[in-house]
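From a predicted model like this one, the values you see are computed outputs, not experimental measurements. All heavy atoms count here, side chains included; hydrogens, waters and symmetry mates do not.
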2 protein chains.
Amino acid sequence: MNIQQLEYIVALDQHRHFVQAAEHCFVTQPTLSMMIKKLEEELNVKIFDRTKQPIVPTAIGRQLIDQARVLLREARRLEEMAKQYNGDLSGELHIGVIPTIASYLLPAFVQSFIQEHPAIRLRVSEMITERIIRELKMGNLDVGIVASAADEATLREIPLYRERFFAFVSEATALFDKQYILPTEIDPNELWLLEEGHCFRTQIQSLCELSKNSPSGNSFQYRSGSIETLIRMVERSGGVTIIPELAMLDLSEDRKKFIRSFQAPVPAREVGLVVNREQVKMHLIDLLRSTIQRVVPHLPSDEALQVL
Amino acid sequence: MNIQQLEYIVALDQHRHFVQAAEHCFVTQPTLSMMIKKLEEELNVKIFDRTKQPIVPTAIGRQLIDQARVLLREARRLEEMAKQYNGDLSGELHIGVIPTIASYLLPAFVQSFIQEHPAIRLRVSEMITERIIRELKMGNLDVGIVASAADEATLREIPLYRERFFAFVSEATALFDKQYILPTEIDPNELWLLEEGHCFRTQIQSLCELSKNSPSGNSFQYRSGSIETLIRMVERSGGVTIIPELAMLDLSEDRKKFIRSFQAPVPAREVGLVVNREQVKMHLIDLLRSTIQRVVPHLPSDEALQVL
DNA sequence: CCTTTGTATAGACATAGCCTATAACCACAG
DNA sequence: CTGTGGTTATAGGCTATGTCTATACAAAGG
């Protein structure tokens, strides 16, 4: 058994196809066939059922492939430790970002980052906090960018910046005429929210449920997957929505007319990196942190914030 | 990097000596030297400081060796999974046993076990519960034999048998003339105990502290490391000690005259196996369990027991 | 300064892993 | 029943890698 063979069975499990898996491993199909056969003989176990098309792992094969993944992850960790010791700023950095941050933060720093560190291959996936936490724990993700992650013992949080919340109000609402507004002044029936699962939704709920006047279950309520959509809903159908500061800064001048600030203490969220405590790519992650902090406009003024 | 090389650095870390480590790996010293050098070149890291004698790992070397151990453990796990699937009853079973069980249980089953399963290499280490738990978690031990282990989330307990406690009393004590005794009747000043760390000591303390008449810190108190020694102390210096059932059964007829039973509910302890939840050698451990349960005399009568 | 003890290097050999070419298998169309 | 396309397995040759023996080199001790 060797590490290579384990990579082969994991690749074959991914592709369920010898030719494709072989390409993925940069070897020919016969090589892959032979090596897998050899491993199967050594372990005296049929890992793949080749009678089916596409190929499927056997029951025991599933277990072995999963274990192979564990082993390969540990192998990469070892290599990463050596690399980092050498101050080697190369490698892959797999980042998970929540949607309400991704759209506005990524354009701001990705370009700078890949220019400054051309040897780092950046892989960004958009996913909700819950999944980021899960993937971090499984070791499929190097770092997450979230807004106030749950305190997990195995994870570590690194604060990046705070961003305030702003209301985007339609001309039709009473709020439009105010200069500063209070969360309690928002009519829950007029409030557009993201769909379930987004932590930004949860935060706004807790902000507005403080006012306890949300009867819920009334009239029509559309739940959107993106902040941009919420803004459009307000523009066309009236009402109000709440957006984070980076989203606000991104608006056109025309749209900014519909922005209203909250009265102090201004509701805000804390954006930070989350990493597994055992993470060995801390060097790379530190580069990420400093790039983000340099690129993001210095948002939080000295005013009182209410961090949700 | 390959698995072999990792075994080499782990072996060299153990032996701190190329020739010995090479022997341990069944290769020649030049082979070991070359392979380690090769790994060091590949990772671009000096793993061992050869200027010292004996050789020592460098700082980064330490980390890499630890990670190599993790990797090797996962590799063995993988092989073990395949073996078990094949119903292969071979392999190594590393058992940790607490001292107060080891002396009396091991002679009873080890012989049977190795005869019934000659392909299993048994490795037994005597250690206190605390260390057994630690080694199980680190994966250095396959299974532990303990008396009521703490409930650790990552471990699983498998009950084996219950054994009662008995008092071994000197002729000089008042207890000698009684047929059945109560824990409260034992004078703590006359009671011989094992040294700190033994769970059997703790259990007896909790049994006798119920009677709350242990002023402690009085006169001379010798703490022994073995039950056999406690018995000798009673024989020579008087007083009383408490021993588990298997130890009692092992006594000569002469000595059994000094044994007194407790009144019901008879204090007892529950002996069981402890394994890591992720343990893949469950098949082997099941064989161990059935051999032990067959060999150990059926101890607990139907009488009421007070399991400590 | 030579011996002892320990590690590194050199050169030879076997083999493990890879490649190309091709066989074998299987489903399906004609 | 047979040919064809898609897929995996086998064969034979080449190279790189891991291993060995023999020996050089280095450091410490008498």
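At least one side-chain nitrogen or oxygen of B/R50 sits closer than 4.0 Å to the OP1 or OP2 atom of C/dA8. Residue A/K37 places at least one side-chain N or O under 4.0 Å from the OP1 or OP2 atom of D/dT10. Dashed line: the shortest gap from a side-chain N or O of B/N2 to OP1 or OP2 of C/dA16 is not under 4.0 Å. Put simply, A/K38 has a side-chain N or O that comes within less than 4.0 Å of OP1 or OP2 on C/dG17. Contact annotation: B/S33 does not reach the phosphate of C/dT7 (side-chain N/O to OP1 or OP2, under 4.0 Å). Contact annotation: A/Q4 side-chain N/O to C/dC18 OP1/OP2 distance is under 4.0 Å. Listed pair A/T28 / C/dC18 fails the phosphate criterion, with no side-chain N or O lying under 4.0 Å from OP1 or OP2.
For the pair A/M35 CE and C/dT15 P, the computed distance is 15 Å after rounding to whole Å. The CE atom of B/M1 sits 13 Å away from the P atom of D/dG18 (whole-angstrom rounding). The interatomic distance linking A/E42 (CD) with C/dA16 (P) rounds to 11 Å, in whole Å. A straight line from CZ of B/F26 to C1' of D/dG18 spans 18 Å, rounded to a whole angstrom. The nearest whole Å value for the distance from the CD1 atom in A/I3 to the C1' atom in C/dG17 is 15 Å. The distance between atom CG of A/L39 and atom C1' of C/dG17, rounded to the nearest whole Å, is 14 Å. We find that CG of B/L32 is positioned 12 Å from C1' of C/dA8, with the value rounded to whole Å. Regarding A/M34, its CE atom lies at a distance of 18 Å from the P atom of C/dT22, rounded to whole Å.
Contacts classified as salt bridge (charged side-chain N to carboxylate O under 4.0 Å, His left out) and involving residues 93-111 of chain B (residues at least two apart or in different chains) are not found. For the ring pair (Phe, Tyr, Trp, His ring centres under 6.0 Å) condition, the pairs that include at least one residue of residues 12-46 of chain B, sequence neighbours left out, are B/H15-B/H24.
No side-chain donor-acceptor contact under 3.5 Å links B/T100 and B/H198.
With a 6.0 Å radius and a threshold of 12 heavy atoms from other residues, nucleotides or ligands, B/Q293 has its CD atom above the threshold. Within 6.0 Å of atom CZ in A/R289, more than 12 heavy atoms from other residues, nucleotides or ligands are found, so the atom counts as buried in its surroundings.
Remark: A/R131 pairs with A/E135 by the side chain to side chain donor-acceptor pair (under 3.5 Å) rule, at least two apart or across chains.
B/F48 is listed as a side-chain neighbour of B/L12, based on a closest heavy-atom distance under 4.5 Å. A/E157 is not listed as a side-chain neighbour of A/L273, based on a closest heavy-atom distance of 4.5 Å or more.
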Pairs under 3.5 angstrom only: tabulate donor-acceptor contacts from the side chains of residues 104-120 of chain B to other protein residues two or more places apart or in another chain.
from, atom 1, to, atom 2, distance (Å)
B/E116, OE1, B/R294, NH2, 2.9
B/E116, OE2, B/R294, NH2, 2.7

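Near DNA chain C, meaning a heavy atom under 4.0 Å away, the residues from residues 6-25 of chain B are B/H17, B/F18, B/V19.
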Along nucleotides 22-30 of chain D, 5' to 3', which nucleotides get a B, which get an S, and which get a -, given that the test is a protein heavy-atom distance under 4.0 Å? B--------
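Distance check, rounded to the nearest 0.5 Å: CZ of A/R69 to CD of A/E7 gives 12.0 Å.
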